[in-house]
Amino acid sequence: MNRVDGQPSLFLTRRDLMKSTGAIAVMRLAAAAGLVSLGRVGLAQLRSNAVLEASSLKALVEAFGGEPPQQSDQVLVLAPDVAEDGFMVSLGGESLLPQTESISLLVADNPSVMAAHFELSGSVSPKIETRVKTSGSGNVLVLVKAQGRYFYAEKYVKVIAGGCGS
Amino acid sequence: MSPEPTKIRAIKKGDLTLVSVLMNHQMDSGRRKDEQGKLIPAWNIQSVTIKLGDKVILDAIFAPSVSKNPYLRFELTEGRVGDPIEVIWQDNRGVIRSDSTMIS
């Protein structure tokens, strides 16, 4: 099942391990062995259901273990005013705050708000862009963690067609 | 279901390295239905790790609401021409895919 093409033996070993044991336990072992990065917060925590299933900004920040977020004009939402296709809406976030640790991209009306979360090292500019699915027109949000605190900004995007809700 | 390669572009521009990544993945949200009205199970990339040489520069968690064939764009404040950039993803079926390119 877990086919990996042309990978170094490191991956084959890990694949074999994952076949024989629980994947999560093995990912933790692999992480402990330094094979997989866990970032600053830790993938185990980030992958918790609370984070992936959070249905609001507030619930998401709680799931991250943070204090309630503040709206900030130092957080920029990179999204169009109008998107043609709800299955492919450009969404990015930029932070002008010093010591930005992470950027999360949210779609307010999706059943689970978080679309993507990025843990940044010091060598990545605090600006990242991707594409997300939306359930129609609505707000998108960028949540930033800087100096241990959470800040956000939001923007309304009008979606012409498609999306999960149609 | 052999995963297709990830396309990676890393271009040095002044002090910055511009990186764009296109992963090849269905990213089924688990909420879409097939022609018979049956839910198509979720199938999505869950985590992405990007490295410059041996150093992890970016760790990402993807929910199923990231679009099909996920795209990423960001800038690095370091890296020299010829340095390797590696993109590793893992999906909810346990598939791991790793690809790399050199900064040009």
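Proteins come first, then strands; the chains are lettered A, B, ... in the order of their sequence lines, and each starts at number 1.
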Within a 6.0 Å radius of atom [atom1] on [X], are there more than 12 heavy atoms belonging to other residues, nucleotides or ligands?
X	atom1	answer
B:D34	CG	yes
A:E84	CD	no
A:Q71	CD	yes
A:K155	NZ	yes

Begin with the C-alpha distance, continue with both residues' side-chain angles, and end with the deciding distance and a verdict on side chain to side chain contact (heavy atoms under 4.5 Å, CB included) for A:V107 and B:S65.
CA-CA 9 Å; A:V107 181; B:S65 53; 5.6 Å; no

Using the rule that two of Ile, Leu, Val, Met, Phe, Trp, Tyr join whenever any of their side-chain heavy atoms come within less than 4.5 Å, decide whether A:V124 and A:L97 are in one cluster.
yes

Does the A:S123 side chain pair with the main chain of B:L76, one donor and one acceptor, at a distance under 3.5 Å?
no

N/O donor-acceptor pair under 3.5 Å between A:K133 side chain and B:M27 backbone
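Yes: the side chain of A:K133 pairs with the backbone of B:M27.
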
Considering all heavy atoms of both residues, which atom of [X] and which atom of [Y] are nearest to each other, and what is their separation?
X	Y	result
B:I57	A:S121	O-OG, 2.8 Å
A:M88	B:K68	CE-O, 3.5 Å
B:T77	A:G122	OG1-O, 3.8 Å
A:L52	B:F62	CD2-O, 4.4 Å
B:Y71	A:R131	CB-NH1, 3.7 Å

Using non-hydrogen atoms only, which part of B:I50 is less than 4.5 Å away from chain A: side chain, backbone, both, or neither?
neither

Go through the atoms of B:P5 and report whether side chain, backbone, both or neither lie under 4.5 Å from a heavy atom of chain A.
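It is neither, since no heavy atom gets under 4.5 Å.
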
Sub-4.5 Å side-chain heavy-atom contact between [X] and [Y]:
X	Y	result
A:M114	B:I61	yes
B:R73	A:S90	no
B:V66	A:T130	yes

Can you tell me how far [atom2] of [Y] sits from [atom1] of [X], rounded to the nearest 0.5 angstrom?
X	Y	atom1	atom2	value
B:S47	A:H117	OG	NE2	12.0 Å
A:F118	B:L72	CZ	CG	5.0 Å
B:S29	A:F87	OG	CZ	8.0 Å

Counting heavy-atom pairs under 4.5 Å with chain B, which one of A:I103, A:L91, A:V89, A:I128 comes out on top?
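Ranked by contacts with chain B, first place is A:I128.
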
